[in-house]
Structures are given as structure tokens and as C-alpha cells.
2 protein chains.
Amino acid sequence: MAETLTATALTLKDIAREAGVSLATVDRVLHNRPGVRPDTVRRVKAAIERNSFQPHVAAAELARGRARRFAFVMPSGPNPFMQQIEAYLGEMSAWLAARRLGVEMVTTDVFDPSALAASLEALSGDYDGVAVVALDHPGVRAAINDLVDAGTKVVTLVSDVPSSRRHHYVGIDNIAAGRTAGALVGRLVGQRSGKVAIVAGSQGLRDHAERIFGFNQVMATEFPGLSVLPVLEGRDEDDRSEQLLGRLFGSHADIVGLYNVGAGTQGVAKALNDKALNDKALNDKALSEVGRDKQVVFVGHDVTALTRRLLLQGVMDAAISQNPGHEARAAVRVLLALARGEPILSEQEKIRIDIVMRDNLP
Amino acid sequence: MAETLTATALTLKDIAREAGVSLATVDRVLHNRPGVRPDTVRRVKAAIERNSFQPHVAAAELARGRARRFAFVMPSGPNPFMQQIEAYLGEMSAWLAARRLGVEMVTTDVFDPSALAASLEALSGDYDGVAVVALDHPGVRAAINDLVDAGTKVVTLVSDVPSSRRHHYVGIDNIAAGRTAGALVGRLVGQRSGKVAIVAGSQGLRDHAERIFGFNQVMATEFPGLSVLPVLEGRDEDDRSEQLLGRLFGSHADIVGLYNVGAGTQGVAKALNDKALNDKALNDKALSEVGRDKQVVFVGHDVTALTRRLLLQGVMDAAISQNPGHEARAAVRVLLALARGEPILSEQEKIRIDIVMRDNLP
DNA sequence: GGTGTTTTGAGGTACGCAACTCATTTTGAG
DNA sequence: CTCAAAATGAGTTGCGTACCTCAAAACACC
């Protein structure tokens with residue numbers, strides 16, 4: 001009827017007695033300090049294993065005295081997603097303070113890898129951990145590796161540098177996100193056939209490129225009735241996205257689906273709206289006859305104030321979302337666990353790809 | 001360029017000096033102990049506010065010494081979702097041990113409110129916190145209130161008792177979940193019209209009833225082309241669900257959508273499969289002609305080994321999921337925060353309604 | 001002014017561990 | 001066997017809080 005999940009409450013002293021050594025030796029083993037014979041190390045570790053001993057985090061944290069400092073290196077500029085991450089970090093301030101964790105924000109130009117690398121190098125030595133929204137570039141990779149070598153824990157956030165030796169990546173699998181977007185567009189279009197448009201910031205951005213790759217993959221294999229038009233590069237700007245898309249709508253009458261890979265959502269929505277007005281003017285059918293199914297299926301990314309409104313209005317059909325609050329908290333938790341030498345609850349820290357439609361808006 | 005988020009590292013001693021009182025008095029104020037003049041209380045609280053002082057959790061945890069004990073009261077029987085929750089709690093064991101948290105599982109019959117109430121009453125006094133998968137029943141409500149009155153922190157898990165004085169509910173909004181299911185079925189069916197079947201465990205279960213309510217709401221207002229058939233009550237059993245559904249398929253040829261509200265997924269899938277074979281035998285069309293769009297759109301709940309397989313095979317189109325790992329961890333974190341008197345990160349502990357399709361399977 | 005009560009101060013102990021020192025023992029090389 | 005180096009033991013201190021005791025001070029009331 002009742003079953004216990006947790007171990008006993010042993011202390012280091014008990015382990016020392018068990019292993020037949022002194023407290024000092026256990027301490028040396030626990031912290032990989034030199035001066036212990038391999039054989040003794042084994043004995044101590046065995047005693048720890050045998051009792052599945054876990055140092056009391058509170059005691060450890062208290063004893064080490066020094067507060068921990070983390071830095072978040074984020075892109076400058078008005079990116080709403082990044083602003084959300086910062087906001088959620090702000091909400092954690094009481095939580096952080098109670099644990100004597102110092103978190104500092106460092107901003108740097110997104111599109112300048114060498115500036116990012118320099119910012120990272122500048123952090124060396126001052127921080128226990130660094131979370132960085134990274135660019136995949138040799139200089140950045142080197143800077144990350146340098147930090148790791150200096151003993152700083154490093155996690156990449158949102159955008160990964162898999163070739164670096166960063167300890168962890170907190171973010172989604174962008175190829176899977178693109179596949180999900182593709183499946184949604186395809187399924188929501190239904191039996192109709194026609195063309196599908198893609199608007200991205202730039203194909204040079206790793207995350208955008210990966211999403212497009214996943215999207216095309218699904219379209220090619222599963223929705224032969226739909227053909228994907230060449231990618232429009234809107235540079236995440238509203239005006240540019242609107243113009244490019246407007247022109248595309250002009251030259252292709254049979255566009256039934258639209259995937260917006262990055263930002264610039266405002267512009268995309270405007271172009272869509274213009275097209276709808278245009279279509280209505282062209283033929284005399286009543287609105288009810290045009291109906292939902294005549295509309296362009298529109299799938300994008302991230303839940304912001306704008307996409308929330310578009311979802312509620314029915315302009316947007318689904319948003320692929322990575323929960324920024326979860327990402328912020330996961331980054332802090334992972335850094336803390338790494339710094340403490342605790343295991344990471346990988347299931348907990350994994351960022352899911354959320355499909356958000358009108359009725360499950362968070 | 002760099003901005004700090006966290007406060008200074010004051011201690012109780014500093015607050016005492018600031019307020020012009022002794023450590024003992026600060027301690028009395030902090031823990032609402034009697035014997036302090038209202039005026040002095042005000043002075044101390046002002047000093048705490050002014051410095052936005054947060055007691056060091058590690059020190060507090062260490063000082064109080066006593067380990068905390070939590071109980072999880074869960075339904076007995078082979079419910080895969082509940083088993084997943086238990087499994088995730090098991091994965092946390094190192095995390096729990098490092099914090100000297102004891103978590104115990106208590107199982108009780110799901111469908112017997114008085115047994116549940118008795119189990120809850122039996123816990124009184126022994127635990128700092130209780131998480132319970134509750135039934136909404138007067139006896140259970142009373143038992144929960146008794147626990148709360150005795151100083152035990154109580155959170156309801158998965159299924160709420162809103163009328164009780166439980167401190168927190170960890171679970172999803174089931175009406176919104178039903179609405180989401182409805183929107184998915186409607187949108188994935190596309191332009192076709194026809195009938196939609198619902199299989200539930202029992203309409204007496206609060207969560208099932210709420211989901212059905214939400215589902216019908218969306219169907220009625222947004223998909224006039226689809227008509228919902230009367231709910232089949234499969235009691236979450238495979239065989240019964242299969243039979244009921246098979247009979248329904250026999251009497252209605254134009255079923256285009258199916259919503260499985262609870263468990264019994266295996267049976268539902270079997271009935272669907274039989275129908276597919278049947279349809280193929282009846283007409284001579286090639287499979288390619290029948291195509292995806294002739295299939296019944298199938299939306300259900302929860303990602304289990306079975307639903308995962310069905311999603312990958314394309315039998316199931318989407319699963320509405322509440323992340324069991326998140327629920328388990330959120331319940332523990334909320335209980336811990338309540339026990340410590342810390343604020344709860346409500347955004348973090350909110351359980352989202354996940355839409356899971358093949359490409360964003362976790 | 002004296003009495004009893006309430007409020008406050010001062011101080012101690014304990015929690016489990018990190019980090020350190022210094023003395024002592026063990027080990028291995030010559 | 002000798003001696004230096006390596007390994008280990010024993011012990012101390014401090015982290016910031018909770019919780020406790022006891023005495024002193026302030027207060028209220030008659």
C-alpha cells in the first residue's frame with residue numbers, strides 16, 4: 001500500500017566509518033583532490049555506492065560560502081522571444097536570491113560572430129556558468145571551448161553549437177520543429193492541392209535552415225499534392241516580408257499554405273490580409289461561401305502578443321512554440337546542477353516542441 | 001551591456017542591525033512567533049523589505065534539520081498514465097535524497113471515494129505534504145480540508161477538487177483540452193461532413209465530463225458540417241470500447257472523426273482497424289485511391305507506448321497530452337515550496353496542454 | 001511604588017559539509 | 001635499512017539559519 005522512494009539520511013561521517021577511513025579522505029575522494037591511493041578511492045566510492053549516499057545539498061551549498069555567478073549572453077535588439085526569456089529570468093529573482101545565485105545579462109550583436117566571441121572571452125574566470133544564444137562559427141566555438149577549459153560550465157541556449165564542447169544544449173530540435181510545421185500545413189490544407197510559401201529570416205541562420213529542411217522533408221514525402229515555392233528571405237523584418245509575400249501572392253493564385261519560419265510576423269499577416277480582401281473583391285461570392293477552407297493555412301513560430309492575437313482571430317492556424325519560460329528556467333537549473341556536480345534531470349530539461357492552436361493557448 | 005538581476009547577500013544579522021533589534025527578535029518576526037510588539041514587527045518587516053532580504057534556503061534547510069516527508073496518493077490498478085508519474089518520481093530519487101526529502105506512494109481504489117477519504121485521513125500528522133489524485137466527492141473534500149487544517153500542505157494532482165481548500169492544483173484545464181481535441185478533429189477532417197464518435201471511460205468522471213463538454217462546445221459552434229454521436233462509455237476497458245465502437249461503425253457508415261477521451265485505446269484502435277479492412281473489402285478501389293482522407297480522424301489523450309506507436313503508424317492523428325514527468329516534478333516542487341513558505345513560480349508549475357503529432361513526439 | 005506580565009537581548013547549540021592545517025603513518029626507491 | 005615522498009588521520013573553523021534558554025528590560029495596572 002505504501003512504498004518509500006528515498007534513501008536514508010547518512011552523513012559523510014557514516015561513509016568514513018563504513019570505508020574505514022577518516023573524514024578528510026572521504027572529502028578528498030568526493031572532490032577529486034589528489035593524495036589518495038587508487039585502492040582507497042575505490043573503497044570509499046564503494047561505500048558511497050553501497051549506501052547510495054548523496055551529500056546534503058543545503059549543507060554543501062552553505063559550507064562553500066562563495067555565491068555562484070552565472071552570465072546570460074543574449075542577442076541585443078528587439079527580439080520578442082529573447083525579451084521573454086529575460087522577463088522570465090527576472091521573475092525568478094526571488095528564487096535566485098534565496099539561493100544566493102547571481103545572474104547577469106550580457107548583450108551582444110547577433111549577427112557578428114567575432115563580437116560574440118569577444119564577449120564570451122571577456123567572461124573567463126569571473127563566472128561559474130555561462131548560458132549563450134550562440135552562433136555556429138569557428139570563433140564562437142573556440143571561445144566556448146576556452147570557457148569550458150577554464151572550468152566554466154557552458155550551456156547553449158535556443159541555438160546550439162554542436163561541434164563545441166559545451167556541456168548542454170537547452171533548446172528544441174529545429175528539424176523536428178520544421179517537420180511538425182510541415183505536417184500541420186499539409187494536414188490542415190486537407191484534400192486541396194496547390195502551392196506552399198515559406199518566409200524565413202535568412203537561410204544562413206542555422207535554426208532557420210534546419211526548420212526549412214524538416215519542412216521540405218515532410219512536404220516532399222507526404223504531401224505530393226502540394227508544391228513548395230522557393231524560400232523568401234524576409235530578414236525577420238515586417239516590411240520586407242510583406243512586400244516579398246505580396247508579390248508572391250500576385251504571381252501565384254493557388255497558394256494554399258504558408259510557413260513563416262522566423263519573425264516578421266506582422267508583415268506576413270498584413271500580406272495575408274491584403275490577399276483576402278483582394279480575393280473577396282474579385283468574386284462576388286458571399287463570405288460564407290468562401291469559407292474557412294478557401295483561406296491560406298498559416299503556420300508560424302512562437303507565442304507572442306501578436307501571434308496570440310492572430311491565432312484567436314483565426315488568421316494564424318498554429319504556432320510552433322518553444323516555451324521561453326521553460327528555456328530560461330531550464331538553463332539556470334542546468335547550470336546550477338553542473339556547478340554543483342549534480343546529475344541533470346534530462347527529461348525535465350528537454351525543451352518540447354509545442355503545437356499551439358487557439359484552444360490550447362497558454 | 002551587463003545588467004545584474006539579483007540582490008545582495010545580506011544575512012539575518014544585518015537585518016537585525018538595520019532594524020535596531022536583536023537576532024532573536026528578527027527570528028520571532030520571521031516565523032510569526034508571539035511576543036513581539038506590533039510596532040517592532042513593523043520595523044523589522046520594513047528592514048526586510050527595504051533590503052529585499054531573502055533567507056538563505058540552504059542555511060534554513062540545514063538548520064531545521066528535520067527531513068520533510070511527502071505522500072503521493074494515487075489510484076491503484078494498471079493505469080499507464082499514473083504509472084508514468086510514479087516512474088518519473090522514481091527518476092527524481094537522487095534529487096530528492098540530496099534534499100533529504102522522503103516521498104512515499106500510497107495507492108487506493110480510484111472508484112471508491114470513501115476508501116480514498118480514509119486513506120487521506122490516515123496520513124494526518126505524519127506528512128508535511130500530500131499530493132492526491134482526487135475524486136470530487138464530499139467525503140474526499142472533507143478529508144482534504146482536515147489535512148489542510150492540520151497544517152499539511154495539499155495539492156491535487158491530475159484531477160482537482162476545486163471546492164476543497166487544497167493549496168494548489170497541478171493538472172490541466174480539461175475543458176480546454178476537450179476544446180483542443182474538438183478543434184483538431186474538425187480541422188483535420190477538412191471539408192468533409194459526417195459524424196463524429198466519442199468514446200469515454202465514464203461521464204461520471206469529472207475530467208472526462210469536462211473534456212466532452214469542451215469538445216461538444218467547439219463542434220457545435222465551429223463545425224456545423226459534423227454531427228456528434230452519443231457518447232460511448234467504454235469504462236476505459238479495451239474489449240468494451242472495441243465492441244461498442246464496432247457496433248457504432250456498423251450502424252453509421254459516415255463516421256469521419258473519433259475522439260477517445262480516456263483509456264481503452266487498444267480497443268479503439270482495433271475497432272478502427274477492423275473498419276478499415278472492412279471498407280477495403282467492400283469496394284475494389286486501390287488503396288491509393290482510398291487514401292489518407294478517407295480514413296477516420298482519430299484524436300486521443302496521453303503519450304504512452306501504445307499511442308506513440310499508433311501515431312507513428314498514422315492510425316492516430318494527434319494526442320492531447322499532459323506531460324506526466326512535468327506533473328510529477330511540479331507536484332514535488334509545489335509541495336516543497338509550500339512547506340518552506342516560499343513563493344510558487346506559478347508559470348513554471350502550470351501544466352500545459354500539449355498537442356502531440358507524429359513529428360513532435362517527445 | 002510595587003506587582004505581575006510582556007517584550008526584548010544575549011548567547012548557545014546544532015545542522016552537514018568544505019576547506020584547510022599539521023602531525024603521523026605508510027610506501028617505495030635506493 | 002634509510003630517507004624522502006606519498007597517503008592518511010585528526011582536528012578546526014565557518015557558512016546562515018532554526019530553535020532554545022535565561023536573564024534583563026520595558027510596560028501595564030492598581
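Below, chain A is the first sequence line, B the second, and so on; all start at residue 1. Worth knowing before you read on, the calculation uses all heavy atoms, side chains too, and leaves out hydrogens, waters and symmetry mates.
- When side chains are defined from C-beta on, A:I48 counts as touching A:L30, because their heavy atoms get closer than 4.5 Å.
- With salt bridges taken as basic N to acidic carboxylate O contacts below 4.0 Å, none links A:E61 and A:R100.
- Within residues 19-29 of chain A, the residues approaching DNA chain D are A:G20, A:V21, A:S22, A:A24, A:T25, A:R28, by heavy-atom distance under 4.0 Å.
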Strand DNA chain C in bracket notation, Watson-Crick/G-U under 3.5 Å with | for pairs to another chain: ||||||||||||||||||||||||||||||
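- Contacts classified as salt bridge (charged side-chain N to carboxylate O under 4.0 Å, His left out) and involving residues 143-159 of chain B (residues at least two apart or in different chains) are given here: B:D149-B:R165.
- Looking only at side-chain heavy atoms (C-beta outward), A:E327 and A:F81 come within less than 4.5 Å of each other.
- Checked by atom type and distance alone, the side chain of A:H137 pairs as donor or acceptor with a backbone atom of A:G139 at under 3.5 Å.
- Looking at which nucleotide of DNA chain C each of B:R37 and A:H31 is closest to, the 5′-most match is held by B:R37.
- In summary, contact between chain B and DNA chain D, defined as any nucleotide atom under 4.0 Å from a heavy atom of the protein, begins and ends at D:dG16 to D:dC27 in the 5' to 3' direction.
- If you run side-chain contact (heavy atoms from CB on, under 4.5 Å) between A:V154 and each of A:N145, A:I144, A:V73, only A:I144 comes through.
- For the side chain to side chain donor-acceptor pair (under 3.5 Å) with A:D128, the qualifying choice from A:R68, A:R69, A:R66 is A:R66, the only one to do so.
- Near-neighbour residues of DNA chain D inside residues 57-70 of chain B, defined by a heavy atom below 4.0 Å, number-ordered: B:A59, B:A60, B:A63.
- A:L96 has its side chain out of reach of A:F70: every pair of non-hydrogen atoms, C-beta onward, lies at least 4.5 Å apart.
- The shortest distance between side-chain heavy atoms of B:T11 and B:D14 falls below 4.5 Å.
- Side-chain contact between B:V44 and B:V21 is present, with at least one heavy-atom pair separated by less than 4.5 Å.
- Of the possible polar contacts, none joining the B:Y88 side chain to the B:Q83 backbone as a donor-acceptor pair under 3.5 Å is found.
- Taking the side chain as every heavy atom from C-beta outward, B:R329 and A:E347 approach each other to under 4.5 Å.
- Between A:R43 and A:V29, the closest side-chain pair of non-hydrogen atoms is not below 4.5 Å.
- Annotation: side chain of A:V170 is not in contact with side chain of A:E349 (no heavy-atom distance under 4.5 Å).
- Nucleotides of DNA chain C that come within less than 4.0 Å of any heavy atom of chain A span, from the 5' end to the 3' end, C:dG16 to C:dT27.
- Residues B:R99 and A:E342 are paired through a salt bridge, judged by an N-O separation under 4.0 Å between the basic side chain and the carboxylate.
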